[in-house]
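In what follows, a structure is listed as structure tokens, so that the remarks can point back to it.
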Number of protein chains: 2
Amino acid sequence: MNEVAKSSPSSETSLRRLAPDDLDVLENLLSFYMRAVTHTLSRDLDARLAGLEVAKGTGKITALLLIDSHPGIRASAISEATLRDRPSMSRLLTHLEAVGLIEQRVEPGERRARGLYITARGHAVSQEVRKITRAQSTEFFAVLDEDDQSHLMRITRKLYHHIREGLA
Amino acid sequence: MNEVAKSSPSSETSLRRLAPDDLDVLENLLSFYMRAVTHTLSRDLDARLAGLEVAKGTGKITALLLIDSHPGIRASAISEATLRDRPSMSRLLTHLEAVGLIEQRVEPGERRARGLYITARGHAVSQEVRKITRAQSTEFFAVLDEDDQSHLMRITRKLYHHIREGLA
DNA sequence: AGGGAAAGTTGTATTTGACAATCATCGATC
DNA sequence: GATCGATGATTGTCAAATACAACTTTCCCT
């Protein structure tokens, strides 16, 4: 068992380093490119956010920005918008509250839910985050010309909205 | 401290569920859409791969496919292509070998490196994986018309290649 | 022969994420 | 107006990915 399957040999050099366009197997694998690029995008963003107490966060900054712009928003609305599950969001919000960026208030008339509110410091951090993400959008996607950038935005938004409709 | 910053109130309904287009704060946040969509894409792929011993793998299937099509390929070449770091890839390959999908052979003349080879079972799994990923590409991106799909492929490939050039 | 680079591995810590189960509250119905 | 189902959220637990640093082995070049 564990015999090695026969297949045609590869060139010697390609074994050491794959040429960027020697990914023929993956050529039609859109998901591969999406994931590889997004992975780098996230790491880049993390690096830019380093030290900002919302770093390392995929969902942290989205939560913060949404709370900043939608005072009183519910946790479930955020987890839905970010396509994450609720338990993760719950812990994440607990953390954000612990570091003093947001507040959770039980709303009168709906005591199950908690309204989320930004604190003064949270608001300041939000603005910093916005500045950073704007800079990243500009720089990370700088290789793309205007048209490609707007294409990408339009297409990913379309996918995003379609996903959310599917979940509704 | 922890005072709540003043801001304009949101509509009552938006606090419960954000309308898909009520993400004005994030409108120009391409990275948000990229990450959200890719996150769903990965989960969808995981679900499709369930039970296939390479499931839950972001890098596993790429490694497998590359080894299948490039017999003798080096681990470093794979980690470079997938934009991951080497330690992760090392452990991942150890796992793939443990379950009998690949073999690692010390190559004569270069005893530092290990050539990676697919096993018969690994080859079979590869073909299954290819079938699944092709199906996913078709179905997941079905909302997009032909043009958008090719745009997305072209743009993400451009980003990917640019990233790899930057690392070289 | 020796120093530096390259290929991999191991150690460790941080995160994330999913899923199930639970608690509290609301609302609707009988 | 009491109960049952639905809704909002939290907790517990577990599996996995990922990064970064340190270390070993081997190769290459002078």
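All chains are named by letter (A, B, ...) in the order of the sequence lines, taking the proteins before the strands, and each is independently numbered beginning at 1. These numbers come from the heavy atoms of this one structure, side chains and all, not from hydrogens, waters or symmetry mates.
- Residue A/Gln104 has no polar side-chain atom (N or O) positioned under 4.0 Å from OP1 or OP2 of D/dG8.
- The distance from atom CZ of B/Phe141 to atom CG of A/Leu30, rounded to the nearest 0.5 Å, is 4.0 Å.
- Remark: P of D/dA9 and CG of A/Leu116 are 8 Å apart, rounded to the nearest angstrom.
- One can place CE of A/Met89 at 11 Å from P of C/dT16, the figure rounded to the nearest angstrom.
- Under the rule for a side-chain contact (heavy atoms from CB on, under 4.5 Å), the partners of A/Thr40 that lie at least two apart in sequence or sit in another chain are A/Phe140, B/Leu83, B/Ile163.
- No side-chain donor-acceptor contact under 3.5 Å links B/Arg86 and B/Ser76.
- Between B/Ser76 and the phosphate of C/dG8, there is a side-chain N or O to OP1/OP2 separation shorter than 4.0 Å.
- Straight-line distance from the CG atom of A/Asp46 to the P atom of C/dT15: 10 Å, rounded to whole Å.
- In this entry the distance linking CZ of A/Arg86 with C1' of D/dG12 reads 18 Å, nearest Å.
- Aromatic ring pairs are classed by plane angle as parallel below 30°, tilted from 30° to 60° and perpendicular above 60°; the pair A/His161 and B/Tyr33 is perpendicular.
- If you take CG on A/Leu101 and CG on A/Leu93, they are separated by 11.0 Å, rounding to the nearest 0.5 Å.
- A/Arg35 places its CZ atom 18 Å from the P atom of C/dT16, with the value rounded to the nearest Å.
- Whole-Å rounding puts the A/Arg114 CZ to C/dA24 C1' distance at 11 Å.
- For the side-chain hydrogen bond (donor to acceptor under 3.5 Å, both in side chains) test, no residue two or more places apart in sequence or in another chain qualifies with B/Thr138.
- Spacing between atom NE2 of A/His95 and atom P of D/dA9 amounts to 19 Å, rounded to whole angstrom units.
- As rounded to whole Å, 15 Å separates atom P of D/dA9 from atom CG of A/Leu96.
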Q: Go along nucleotides 18-30 of chain D 5' to 3' and tag each nucleotide: B for a protein heavy atom under 4.0 Å from its base, S when only backbone or sugar atoms are that close, - otherwise.
A: SBBB----BS---

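- Dashed line: the shortest gap from a side-chain N or O of A/Lys60 to OP1 or OP2 of C/dT15 is not under 4.0 Å.
- The structure places CD of A/Glu107 at 8.5 Å from CG of A/Leu116, a figure rounded to the nearest 0.5 Å.
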